[in-house]
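Bear in mind that the values here come from a model prediction, so they are computed numbers and not experimental data. Side chains are part of it too, since the values below use all heavy atoms of this structure and drop only hydrogens, waters and symmetry mates. By convention here, the first residue in the shown sequence is residue 1.
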Amino acid sequence: MAAGNLAGSFQHEVTCSVCLEYFTDPVSIECGHNFCQACISQCWGEPEPDFSCPQCREMAPQRDLRPNRQLGNLVELVKRLRLQAGPEPEGQRVCERHQEALKLFCEEDQTPICVVCDRSRAHRAHVVVPIEEAAQEYREQILSLLQRLREEREELLGLKSDWDKKSERLLRQTEVERQLVVSECERLRQFLAKQERLLPARLAELDEEMGRRREENATHLGEEISWLSALITELEGKCQQPVLELLQGVRSAVSRGEKATSPHPAPESPELEKRIRDFPRENNLQEAVTGFLEGLAAERGLRRARGFAVDVTLDPDTANPHLILSEDRKHVRYGDTRQDLPNNPERFDTCPIVLGAEGFAGGRRYWEMEVGDKTRWALGVCKEYVSRKGLVTASPGNGYWVVWLRDGGYKTCTSPMIPLPVSVRPRRVGIFLDYEAGEVSFYNVTDRSLLFTFTDTFSGTLRPCFCPGLNAEGTNVAPLIICPISAQARGN
């Protein structure tokens, strides 16, 4: 018999029936059974008249504990035999106390145990299951937990990616804002420096003109004063002369005196006085700064809007049959001949309108249109499901937010229409949609000014709206052109 099997056969012979451990200081009692000295002493407790064996329950007349040294030697022999049995099988551990395979798992203590431990007092009342069953149960729990943790990690990775993208976009926006602040402050300093040079220079011109006029008037009046002083001296001398001398040349002297007595008008400079009087109004620094800041705000709005530039194309299924679209769907012009196209529900059949292929149900979008020297056009956005058959009244109430050029004037398509003051004719128009803010802004890209902003509450999908206008006897044949994104973003 192998040493390992021999030790296993001796296991129960050298195990205390009380503690289920190897005997420690084994002793024999009257009936012949053996126990650890500490175990039997604990079982018997305080001295009593009768003592019973914990194993066979036979009564012992007296407490007589005889050391069993042979059994103690046998315990040591079994321990050595267990050691000589060699290493435990690969992947299998043994109990350090009993040298038995760890085939059970104690749920309360959360530890592997052997069959001897299971019988011991320490684990007798515990829930014990086969170790493989416990491992399988916990393996399933761990796998389920791993699945949930992996899902949470993927969700967090997605959130981190989204935040990284958002923070990167916000950082780009703050950088743009920083550049705008620095640029605007510098331009404001330059503007104020220019005003500081210009306004005193204009006042200096008035000072110089006033000095010249004063010199001229002083010279003229001085000459007259000198002439009058000489005439007075002459007449005073004439009065002192004897009669005959006084009468000589008296008529000429009197005549000169009579001419000098005519009233002299005060020196006047009405034109100069008007220039001085109008100077505060014509050179109002506060108004100049306000106008400059308004222009700066419009330009700032345009530069910010361009940061949301998108690629817009034309939707041929919505184009009026008179409209001719380019192959890349970036140009649209009005043709004199009506094309033979299917009258699908999406198509405008009367008004020369075409919509953008892209729809926007949120966010911010910007695109630019080249209008050049066209004499008629309309641009803006409209709701996805506006009426497309028959005459169309473009107004916010009907789902259109549009501005147009007609008869030489720029106006909003509202009721009533609002004329738009334009100092520089726009050759390019920018449209900026801020869906959540409920705004559609139109910019004159030519002079970087704001034309108009619609304010409303949006719902559903909005689409870009384009109308190149009728040809008007050949004066409006040029197309509307959607500008490429690179040209739009150049300002940023």
**Q** Which residues pass the salt bridge (Lys or Arg N to Asp or Glu O under 4.0 Å) test with Asp373, not counting sequence neighbours?
**A**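 Once residues adjacent in sequence are excluded, the partners of Asp373 under the salt bridge (Lys or Arg N to Asp or Glu O under 4.0 Å) criterion are Arg427.
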**Q** How would you list, by chain and number, every residue that makes a salt bridge (Lys or Arg N to Asp or Glu O under 4.0 Å) with Glu151, sequence neighbours excluded?
**A**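 So Glu151 forms no salt bridge (Lys or Arg N to Asp or Glu O under 4.0 Å) with any residue.
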**Q** Are the side chains of Phe432 and Phe308 in contact, using a 4.5 Å heavy-atom criterion?
**A**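 Answer yes - side chains close enough.
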**Q** Strictly below 4.0 Å, N to O, side chains only: are Lys165 and Glu168 in salt-bridge contact?
**A**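 So Lys165 does not pair with Glu168 through a salt bridge.
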**Q** With side chains defined as the heavy atoms from C-beta onward, is the minimum distance between Tyr443 and Arg428 less than 4.5 Å?
**A** no
**Q** Can you measure from CZ (Phe105) to NE2 (His126) and round to the nearest 0.5 angstrom?
**A** 12.5 Å
**Q** Arg178 and Glu175: salt bridge (charged side-chain N to carboxylate O under 4.0 Å, His left out), yes or no, with the steps?
**A** CA-CA 5 Å; Arg178 183 179 295 104; Glu175 180 59 28; 2.5 Å; yes
**Q** Within the 4.5 Å heavy-atom criterion, are His331 and Leu325 side-chain neighbours or not?
**A** no
**Q** To the closest 0.5 Å, what do you measure between CG (Asp434) and OH (Tyr366)?
**A** 14.0 Å
**Q** Working note: Arg347 + Lys389, criterion side chain to side chain contact (heavy atoms under 4.5 Å, CB included); need CA distance, chi angles, decisive distance, verdict.
**A** CA-CA 8 Å; Arg347 192 178 305 283; Lys389 305 302 180 183; 4.2 Å; yes
**Q** Nearest 0.5 angstrom please: Leu145 CG to Glu140 CD, how far?
**A** 13.5 Å
**Q** Before you tell me yes or no, could you show the steps for Val429 and Trp377 under side chain to side chain contact (heavy atoms under 4.5 Å, CB included), namely the whole-Å CA-CA distance, both residues' side-chain angles and the distance that decides it to 0.1 Å?
**A** CA-CA 11 Å; Val429 176; Trp377 50 257; 4.0 Å; yes
**Q** Charged N to carboxylate O below 4.0 Å: is that the case for Arg365 and Glu358?
**A** no
**Q** Could you walk me through whether Arg212 and Glu208 pass the salt bridge (charged side-chain N to carboxylate O under 4.0 Å, His left out) test, one step at a time?
**A** CA-CA 6 Å; Arg212 186 180 63 80; Glu208 184 179 354; over 6 Å; no
**Q** If the condition is side-chain contact (heavy atoms from CB on, under 4.5 Å), which residues does Glu154 pass it with, not counting sequence neighbours?
**A** Leu157
**Q** State which residues pass side-chain contact (heavy atoms from CB on, under 4.5 Å) with Glu346; sequence neighbours excluded, sorted by chain then number.
**A** Thr318, Asn344, Arg388
**Q** For the pair Lys330 (side chain) and Val312 (backbone), establish whether a donor and an acceptor sit closer than 3.5 Å, ignoring hydrogens and angles.
**A**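 Pair found, side chain donor or acceptor close to backbone of Val312.
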**Q** Kindly indicate, with the supporting measurements, whether the criterion side chain to side chain contact (heavy atoms under 4.5 Å, CB included) is fulfilled by Leu451 and Tyr410.
**A** CA-CA 9 Å; Leu451 291 172; Tyr410 299 87; 5.8 Å; no
**Q** Can you check whether Gly390's main-chain N or O pairs, donor with acceptor, with Asp349's side chain at less than 3.5 Å?
**A** yes
**Q** Can you list the residues that meet the side chain to side chain donor-acceptor pair (under 3.5 Å) rule with Lys383, with sequence neighbours excluded?
**A**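 Partners of Lys383 by the side chain to side chain donor-acceptor pair (under 3.5 Å) criterion come out as none, since no residue qualifies.
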**Q** Kindly indicate, with the supporting measurements, whether the criterion salt bridge (charged side-chain N to carboxylate O under 4.0 Å, His left out) is fulfilled by Arg463 and Asp315.
**A** CA-CA 10 Å; Arg463 295 176 67 177; Asp315 182 1; 2.7 Å; yes
**Q** Give, for atom OG1 of Thr174 and atom CG of Leu171, the distance between the pair rounded to the nearest 0.5 Å.
**A**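 The CG atom of Leu171 is 5.0 Å from OG1 of Thr174, to the nearest 0.5 Å.
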**Q** So, Ser326 and Asp328: side-chain donor and acceptor under 3.5 Å apart, yes or no?
**A** yes
**Q** Please check if any side-chain donor atom of Tyr138 sits under 3.5 Å from a side-chain acceptor atom of Gln136, or the reverse.
**A**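 No pair is found: no donor N or O on one side chain lies under 3.5 Å from an acceptor on the other.
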**Q** For Glu299 and Arg187, what are the C-alpha separation, side-chain angles and deciding distance, and is it a salt bridge (charged side-chain N to carboxylate O under 4.0 Å, His left out)?
**A** CA-CA 12 Å; Glu299 184 175 345; Arg187 291 178 61 184; 2.8 Å; yes
**Q** How long is the gap from OG1 on Thr457 to CD on Glu436, to the nearest 0.5 Å?
**A** 12.0 Å
**Q** When rounded to the nearest 0.5 angstrom, what is the spacing between NZ in Lys411 and CD1 in Ile418?
**A** 11.5 Å
**Q** Salt bridge or not for Lys166 and Asp162, using N-O below 4.0 Å?
**A** no
**Q** Would you find a donor on one side and an acceptor on the other, under 3.5 Å apart, between the side chain of Ser161 and the backbone of Gly158?
**A** no
**Q** Any donor and acceptor pair, going by atom type alone, linking the side chain of Asn444 with main-chain N or O of Ser449 inside 3.5 Å?
**A**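 No: the side chain of Asn444 does not pair with the backbone of Ser449.
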**Q** Taking C-beta and beyond as the side chain, do Ile482 and Leu314 meet within less than 4.5 Å on heavy atoms?
**A**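 Heavy-atom side-chain distance check passes, below 4.5 Å.
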**Q** May I ask you to check whether Trp401 and Phe458 place their ring centers less than 6.0 Å from one another?
**A**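 Yes, close enough.
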**Q** Mind checking salt bridge (Lys or Arg N to Asp or Glu O under 4.0 Å) for Arg300 and listing every partner two or more places apart, or none if nothing turns up?
**A** Glu184
**Q** Crowded around Arg338 CZ? As in, over 12 foreign heavy atoms under 6.0 Å?
**A** yes
**Q** Have Arg150 and Gln147 got a donor and an acceptor in their side chains that come within less than 3.5 Å?
**A** no
**Q** Does the Glu108 side chain pair with the main chain of Val127, one donor and one acceptor, at a distance under 3.5 Å?
**A** yes
**Q** Only one of Val402, Ile353, Asn398, Leu355 clears side-chain contact (heavy atoms from CB on, under 4.5 Å) with Cys382; which?
**A**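 Single pass found, and it is Leu355.
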**Q** Is it the case that Thr414 and Thr412 place a side-chain donor and acceptor less than 3.5 Å from each other?
**A**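 Thr414 vs Thr412: donor-acceptor pair found between side chains.
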**Q** Is the number of heavy atoms from other residues, nucleotides or ligands within 6.0 Å of CD (Glu196) greater than 12?
**A** no
**Q** Counting distance only, does the side-chain N/O of Asn471 pair as donor-acceptor with the main-chain N or O of Arg333 below 3.5 Å?
**A**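 Side chain of Asn471 to backbone of Arg333, a donor-acceptor pair under 3.5 Å: no, none is there.
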**Q** Does Glu216 have more than 12 heavy atoms from other residues, nucleotides or ligands lying within 6.0 Å of its CD?
**A**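 Count over threshold, so yes.
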